[in-house]
There are 2 protein chains.
Amino acid sequence: MDKVHAGRNLTQQLVHTLGAAIVQGDYPIGGGLPSEAELCEEHQISRSATREAVKMLTAKGLLASRPRQGIRVQSKTNWNMFDPDVLEWVLKGTLTLNLLKEFLQLRLAIEPEASALAAENQNLELISRISLALKRMKAADAGLDDSLEADIEFHMSILMASDNPFYQQLRNFIDTALRVSIRFTNRIKGVQTADYSAHKDVYDAIVLGDTEAARSASRHLQSEALELIKNEMDK
Amino acid sequence: MDKVHAGRNLTQQLVHTLGAAIVQGDYPIGGGLPSEAELCEEHQISRSATREAVKMLTAKGLLASRPRQGIRVQSKTNWNMFDPDVLEWVLKGTLTLNLLKEFLQLRLAIEPEASALAAENQNLELISRISLALKRMKAADAGLDDSLEADIEFHMSILMASDNPFYQQLRNFIDTALRVSIRFTNRIKGVQTADYSAHKDVYDAIVLGDTEAARSASRHLQSEALELIKNEMDK
DNA sequence: ATAAGCTATATATATGATAAAAAAACAAAC
DNA sequence: GTTTGTTTTTTTATCATATATATAGCTTAT
């Protein structure tokens, strides 16, 4: 069995194989994929499984199919970039400094506002999770915990504390992106441990209920990372 | 033929019927849907069509299915809220002032930053589209164009001008949400025509390349709408 | 009591046949 | 010669049925 797809059923295997291939540009946008029958041939699976995979990719905005016209790759503007699968394919397939920059430009919008909401709402239970994540970061500095996991946990708990389902839904999105892009950012500079105090600033502002300070501390944290990438791109 | 679903094939009809029903809470979260076979019975369609619909809803994060366990509704945190279909079902099915507030809290993060990026990038071709939308808004004030369409076009063109694929991808999302929620916001106060000058402020700052002014003008525009909702909720 | 094995039942997969849709080729009318 | 209407053809869409596989719950051996 294909180790990459272990644990998945045939349909899901094909979804991931095709999804990654499409995003990587193996099939021309607007142009056609192999026909249903040819896909069965190529991948040696039944029409049911093939059709179900195509339908799932259609649901994610990557494909469209019509009789006589075949299966076509949709234009990029139709791709559900916020679908964790699609995002993962995009990041793994075409990760560049420029894409990383664009991702950070989005976080620069999201996280400061989420922090501000967290400060405003004062949901103590959700805020305590931020505190725990911060402790994990400190422990990671001392080599007692995983730095990446602690960092992710911190940012996830902020999104949760916003108490807004739209921000909360972005957890999967940011989680996926952080995991994929971390090797990139870490390679550039000693990012992982240097910014504990910057993270603490965000937490402190949230605990105090200082909306404006939370927004600004979080913005500071994000824009530093963004500047790092921009500098790297200028080289 | 069911007029609501005209023009769609059977699979897509079932996707929308089930999607709307799930989001509205017709089926218990975590609990089960009718079995595959029962769904065929109920909707009088074949297993292929039924399975393909279930797979599409699975791709959107609403369902999960396993042998012997059946088809289950996923918890809300797994729903791809940024999928235009899901968003439409959520907004149409459960639109409340609170949900509208949460949506505006997200726009408050996105649009100011998109405006800032637009000002920074100075992509003249994309910026000219904002100008056209603004002209349409003015025309709409004089009854010569559709107010809602012009307003949507304005906000879409700003997202495009950000020149960032993640922001651009939010076009579908914000487009859907604006269309559904407009009857709500219009009902509250004379929102539609009053804010031409506020929109123009955003455009002017972008044209001048004044990043900070663009952010702040856009933020002002969004937060006014948010305050309106909050006041309404306090009544 | 616990773990290995069995059973029942749901989805997963395979395959054949038919329907419907739409592009392309063709024919007719003007 | 261009337009308009019709037929052809190809592809997906749908249906029906058979088989495989996975798993929750039960059974049984130890």
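Order of the sequence lines fixes the chain letters, A, B, ..., with proteins taken first and strands second; residue numbering starts at 1 for each chain. In this text, all values refer to a predicted model and were calculated from it rather than measured experimentally. What's counted below: heavy atoms across the whole structure, side chains too, no hydrogens, waters or symmetry copies.
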Report task. Round to a whole Å and report the spacing from CD of B:Q69 to P of D:dG25. Result -> 9 Å
Query raised in the report: Quick one: on DNA chain C, does B:S48 or B:E36 contact a more 5' nucleotide (nearest heavy atom)?
Result: B:E36
Query raised in the report: So does A:E125 have more than 12 non-hydrogen atoms from other groups sitting under 6.0 Å from CD?
Result: no
Query raised in the report: Is there a side-chain polar atom (N or O) of B:T11 under 4.0 Å from OP1 or OP2 of D:dT14?
Result: yes
Query raised in the report: For the base of D:dA16, is there a side-chain donor-acceptor partner from B:S46 under 3.5 Å away?
Result: no
Query raised in the report: Out of C:dA23, D:dC15, C:dT11, which nucleotide sits closest to the side chain of B:P67?
Result: C:dT11
Query - Side-chain N or O of B:K55 closer than 4.0 Å to phosphate OP1/OP2 of C:dT11 - result: no
Query raised in the report: Do the two ring centres, one from A:F173 and one from B:F166, sit under 6.0 Å apart?
Result: yes
Report task. Check whether any side-chain N or O of A:R68 sits under 4.0 Å from OP1 or OP2 of D:dT8, and answer yes or no. Result -> no
Query - Interatomic distance where CD1 belongs to B:I45 and P belongs to D:dT14 [whole Å] - result: 8 Å
Query raised in the report: Out of C:dA23, C:dT13, C:dT11, which has the shortest distance to the side chain of B:S35?
Result: C:dT11
**Report entry** N or O in side chain of A:R47 less than 4.0 angstrom from D:dA13 OP1/OP2
**Finding:** no
Query raised in the report: Under 4.0 Å between a side-chain N/O of A:R51 and OP1 or OP2 of D:dA13, yes or no?
Result: yes
Query raised in the report: Checking B:W79 side chain against B:Q74 main chain: does a donor-acceptor pair fall under 3.5 Å?
Result: yes
Query raised in the report: B:S65 side chain N/O closer than 4.0 Å to the phosphate oxygens (OP1, OP2) of C:dA10?
Result: no
Query raised in the report: CD of B:E41 versus C1' of D:dC15: gap in Å, rounded?
Result: 14 Å
